[in-house]
Amino acid sequence: MRVIVWLVEGTWPACVDAVRTHAREASEVMLLHVTEPGTAGLAHGAFAGLLGRAGSEPDPERRLVELGGTSAAELLDAAGARLGRPCALLERTGRVEREVVAAAEGAGLLIVARDGDRSRLGPHSLGRAARFVVDHAPCPVLLVWPEGAPELTTMPPPPPPPHRR
């Protein structure tokens, strides 16, 4: 079975630990990190529009691309070391939620961490990207709490009963 593990800064350790707990040792594991395009381009646009007229400072776009690639590689390496078993490392760039769904094609399991309000139970514990991935994944999804699940008392109350006439 092929297991895809979506790694996001801040929540990736819980996903790696879930592999160790829930995936058979014989599973093929792929650690995935996706970088959203555009941040470096935004910096370039700001530089060109506000600061670039004088031409004395270097454009920050290339440096931000380099830093992003280094950061992603370091995260993948740290996750691989934490996993402690052979795995493939995959870095993609694009719309995060769509890249994760595409990477999960043909997988037996996709491991995802909650990315919303993790202080209480309920649908708000999933952010936009994780909600899209859970709704569109072409394989089973294991959804993990990065810090452990909140108490049951944080569950929203049930809706009131319908009024009868």
Side-chain angles (χ1 to χ4, degrees), residues 1-42 61-62 64-159:
M1 173 170 69
R2 188 164 60 110
V3 177
I4 306 297
V5 186
W6 177 23
L7 304 177
V8 177
E9 290 82 356
T11 61
W12 67 266
C15 291
V16 172
D17 293 347
V19 173
R20 295 187 345 217
T21 303
H22 299 287
R24 292 185 299 263
E25 197 63 36
S27 299
E28 173 192 345
V29 177
M30 177 180 291
L31 303 178
L32 168 69
H33 181 271
V34 182
T35 301
E36 186 86 39
T39 303
L42 290 173
E61 182 178 22
R62 185 174 47 181
L64 285 173
V65 169
E66 291 169 2
L67 288 172
T70 299
S71 175
E74 289 173 354
L75 186 146
L76 286 166
D77 289 343
R82 184 178 183 107
L83 182 60
R85 69 189 231 199
C87 61
L89 306 178
L90 178 61
E91 169 63 25
R92 287 185 158 191
T93 301
R95 291 282 308 259
V96 174
E97 62 277 8
R98 293 188 177 273
E99 292 295 328
V100 173
V101 169
E105 185 176 15
L109 180 65
L110 171 63
I111 299 178
V112 176
R114 292 177 183 270
D115 63 349
D117 178 3
R118 298 188 308 264
S119 67
R120 60 188 174 150
L121 298 171
H124 296 291
S125 66
L126 292 178
R128 180 190 58 81
R131 170 58 60 201
F132 184 95
V133 169
V134 167
D135 288 345
H136 295 87
C139 65
V141 176
L142 174 59
L143 188 58
V144 300
W145 289 94
E147 301 87 16
E151 298 291 327
L152 285 177
T153 58
T154 65
M155 187 170 18

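Note that the structure is a prediction, hence the values are computed from the model and not measured.
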Query raised in the report: What distance separates Leu76 CG from Leu32 CG, expressed to the nearest 0.5 Å?
Result: 8.0 Å
Return all side-chain donor-acceptor pairs below 3.5 angstrom for residues 127-138, not counting sequence neighbours, or 'none' if the list is empty.
from	atom 1	to	atom 2	distance (Å)
Arg128	NH1	Glu97	OE1	3.2
Arg128	NH1	Glu97	OE2	3.1
His136	ND1	Phe132	O	2.8

Report summary line: Those residues at least two apart in sequence (or on a different chain) that pass ring-ring contact (aromatic ring centres under 6.0 Å, His included) with His124 are none
Query raised in the report: So, does Thr93 use its side chain to make a donor-acceptor pair with the main chain of Pro37 at under 3.5 Å?
Result: no
**Report entry** Considering all heavy atoms, the nearest Leu31-Cys87 contact
**Finding:** CD1-SG, 3.7 Å
**Report entry** Spatial distance of atom CH2 (Trp6) from atom OG1 (Thr11) [nearest 0.5 Å]
**Finding:** 8.0 Å
Requested in this report: Report the distance from atom CD of Glu147 to atom CZ of Arg114, rounding to the nearest 0.5 Å.
Outcome: 11.5 Å
Query raised in the report: Does Met1 offer a backbone N or O that forms a donor-acceptor pair with the side chain of Arg24 under 3.5 Å?
Result: no
Query raised in the report: Given the rule in the side chain to side chain contact (heavy atoms under 4.5 Å, CB included) test, do Val8 and Val96 qualify, once you have shown the distances and angles that lead to the verdict?
Result: CA-CA 10 Å; Val8 177; Val96 174; over 6 Å; no
Query raised in the report: Yes or no on side chain to side chain contact (heavy atoms under 4.5 Å, CB included) for Arg20 and Arg85, after CA distance, side-chain angles and deciding distance?
Result: CA-CA 9 Å; Arg20 295 187 345 217; Arg85 69 189 231 199; 5.8 Å; no
Report summary line: In this structure, CG of Leu109 is separated from CZ of Arg2 (nearest 0.5 Å) by 11.0 Å
**Report entry** Minimal non-hydrogen separation, Ala113 against Leu143, with atom names
**Finding:** C-CD1, 4.3 Å
Report summary line: side chain to side chain contact (heavy atoms under 4.5 Å, CB included) test vs Met30 passes for just one of Val3, Ile4, Leu89, namely Ile4
Query raised in the report: Does some side-chain heavy atom of Val100 sit less than 4.5 Å from a side-chain heavy atom of Arg92?
Result: no
Report summary line: Heavy-atom nearest pair, Gly108 first then Pro140, reads O-CD, 3.4 Å
Requested in this report: Before giving the answer on side chain to side chain contact (heavy atoms under 4.5 Å, CB included), spell out for Val16 and Leu7 the whole-Å C-alpha distance, their side-chain angles and the decisive distance to 0.1 Å.
Outcome: CA-CA 8 Å; Val16 172; Leu7 304 177; 3.9 Å; yes
Query raised in the report: Got a sec: does the CD of Glu9 have more than 12 other heavy atoms crowding it under 6.0 Å?
Result: yes
Report task. Indicate yes or no: at least one non-hydrogen side-chain atom of Trp145 is less than 4.5 angstrom from one of Leu121. Result -> yes
**Report entry** CG on Asp115 to CG on Leu126, rounded to 0.5 Å
**Finding:** 6.5 Å
Query - Test item: Ser119 and Thr154 side chains (from C-beta on) under 4.5 Å apart, heavy atoms - result: no
